[in-house]
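What follows is a single structure, written as structure tokens, with notes after it.
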Amino acid sequence: MNQDGLIDRKGNPINKQKHGGPRASFLTHFLVLAVNIAMIPNILNTVTYLHETMYFDLAQASTTMTNFLGVTSLFALLGGFLSDSYIKRFTMILIFGPLEFLGYGMLAIQAHFGSLRPPQCDIGNEKSNCSPVQGGKAAMLYIALYTVALGEGCLRANIPSFGGDQFDENDIEESKQRSSFFNWYTFSISLGGAIGLVLIISLESSKGWDYGFAACSLVILVGWLVLVSGFPLYRHQSPSGSPLARIMQVTVVALKNRKLDLPENAEELNHGETKEDMVGVEVLSHTNDFKFLDKASILTSKKGKLSPCSVTQVEETKIIFRLVPIALSSIICYVPVTLLLTLTVQQGNTMNKKVGRIHISPASLFFIPITFQMLILFLYDRFIMPFGRRLIKDGSGITSLKRVGLGYFTTTISMCLAAMIEKKRKQVAIEHGMVEATTGIPMSVLWLGFQFFVLGIFDATSFVGLLEFFNSEVSKGMKSLGTAIFWCILGLGSLLGSFLVHLVNQFTRHSQGEGWLGGNNLNKNHLDRFYWLLALIGFISFINYLWWALQYSSRQFYTRV
């Protein structure tokens with residue numbers, strides 16, 4: 001029995017014995033591993049590059065990276081739209097994987113040649129007039145960064161969905177393997193990050209930024225080649241036409257028919273799906289919520305430009321409507337997390353980075369939550385999830401929304417720890433008369449491990465849970481779009497974080513000084529107050545998410561009903 005819409009490399013129906021399954025999905029993890037060997041350390045460490053080499057001030061360096069994260073995730077929406085509508089997911093990976101390779105190559109070239117960077121100066125000396133990168137040099141920097149963002153974003157939208165395509169959701173055993181795939185997908189992200197934090201940051205610190213960026217480019221090329229080598233093994237999802245166009249059509253026709261009465265019997269609605277119209281699209285049963293959308297499938301005798309939508313089209317749209325409150329509440333929950341990642345590195349740059357004879361980069365501390373996250377994911381996949389299946393008879397173990405909620409709650413704890421540690425760091429600087437110093441404060445950088453440790457719990461719960469939730473809830477014709485929605489949550493959270501930094505600086509600025517996060521001297525800023533603000537935002541956003549999660553009914557609920 002074959003899965004609807006899935007074909008082999010020659011366009012023929014798949015053979016489950018030859019195509020897909022754990023063996024095929026295993027190869028996707030190589031590219032995930034490679035991408036995150038490059039991406040995770042650079043998300044954390046490029047803030048230092050922008051500040052110390054390109055001479056951005058602290059706020060500008062932080063917002064540049066949060067904007068980069070935001071745009072990367074918005075590009076995921078483009079990648080999801082294209083693969084669901086017109087281009088197979090594997091083809092999207094073939095096209096956009098090399099773009100990320102190219103982007104890191106451009107960064108390596110700019111880091112290598114001094115003529116492509118601003119003139120050297122002492123950024124730590126407040127009397128120096130360090131000018132940030134400008135003109136054509138700035139253009140090259142931003143083109144390189146956003147080439148990486150375009151490649152990364154489109155890969156993000158397609159790799160999880162492509163890996164999920166290798167399993168049949170209607171097969172009990174393969175459904176369990178599919179749920180496990182998302183755990184190991186996140187494990188690959190973490191393992192890649194752990195390797196990158198050791199390998200890439202070590203290269204950037206000891207050999208130079210050019211060596212680090214060049215290594216990122218090479219690693220991504222290898223990972224891409226490994227995934228491409230498995231071409232004969234894969235199940236491919238046929239594009240089913242634009243899901244956004246289907247949603248728009250339902251909305252417009254429902255508004256057009258708003259004055260019509262719904263038939264008492266749902267069987268009188270338009271169930272006229274044909275094989276030609278529904279290739280790669282899951283046929284969905286009628287549900288009773290969002291009744292105003294059902295008017296889009298009323299059969300009328302009037303002829304017009306817009307024909308009645310099928311029940312399946314209406315139900316696809318209902319799924320998206322149900323997801324909107326979860327998505328919007330999750331965006332706010334992610335704002336504190338993206339800011340903590342970049343600001344913690346700036347804290348660490350002012351502290352004592354030596355442990356014995358070992359010099360530790362602040363970005364390397366992310367190794368702590370990543371290692372902890374991998375341990376949690378392994379235990380969850382091998383022990384907690386099987387126990388959860390037996391206990392609550394759920395194929396994936398603990399429900400995704402509960403897992404997400406646990407992570408959102410830990411955000412507040414992490415922000416409170418960050419605020420207390422920053423307060424202590426500033427006190428140490430004052431006690432030792434080092435308020436003017438931008439490095440070397442006699443407080444170990446390992447203190448930052450506490451806030452990173454709690455962040456590891458967040459990633460192991462909310463990240464995996466939200467990714468699986470959006471990929472599982474949407475219909476088969478929207479899998480990449482569902483994954484893209486997940487990445488857009490992270491991206492919009494990052495962009496809102498940049499806006500929040502700007503807003504806080506504007507409201508806290510006074511006539512004789514900078515705002516809480518202004519200037520280049522963290523000892524004169526009020527990062528601790530900002531962390532307390534983020535803790536408050538995190539707690540309020542968790543309560544808001546909890547409300548909407550309790551109201552939500554999953555697709556499985558409607559299927560059982």
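If you're wondering where the values come from, they're calculated on a predicted model, not measured in any experiment.
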Parallel, tilted or perpendicular, as decided by the 30° and 60° cut-offs, for the rings of Tyr49 and Trp209: tilted
Parallel, tilted or perpendicular, as decided by the 30° and 60° cut-offs, for the rings of His236 and Phe162: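 Taking His236 first and then Phe162, their aromatic rings sit tilted (interplane angle of 30° to 60°).
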Would the number of heavy atoms belonging to other residues, nucleotides or ligands and lying under 6.0 Å from [atom1] of [X] be above 12?
X      : atom1 : value
Tyr146 : OH    : yes
Tyr185 : OH    : yes
Phe290 : CZ    : yes

Partner set under side chain to side chain donor-acceptor pair (under 3.5 Å) for Trp547, not counting sequence neighbours: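 Partners of Trp547 by the side chain to side chain donor-acceptor pair (under 3.5 Å) criterion come out as none, since no residue qualifies.
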With sequence neighbours excluded, residues passing side chain to side chain donor-acceptor pair (under 3.5 Å) with Asn471: Ser161, Arg178, Thr483
Is [X] reaching over with its side chain to a backbone N or O of [Y], donor-acceptor style, under 3.5 angstrom?
X      : Y      : result
Arg89  : Asn158 : no
Glu152 : Glu100 : no
Lys318 : Leu293 : no
Thr410 : Gly407 : yes
Trp184 : Phe26  : no

Salt-bridge present (Lys479, Asp165; N to O < 4.0 Å): no
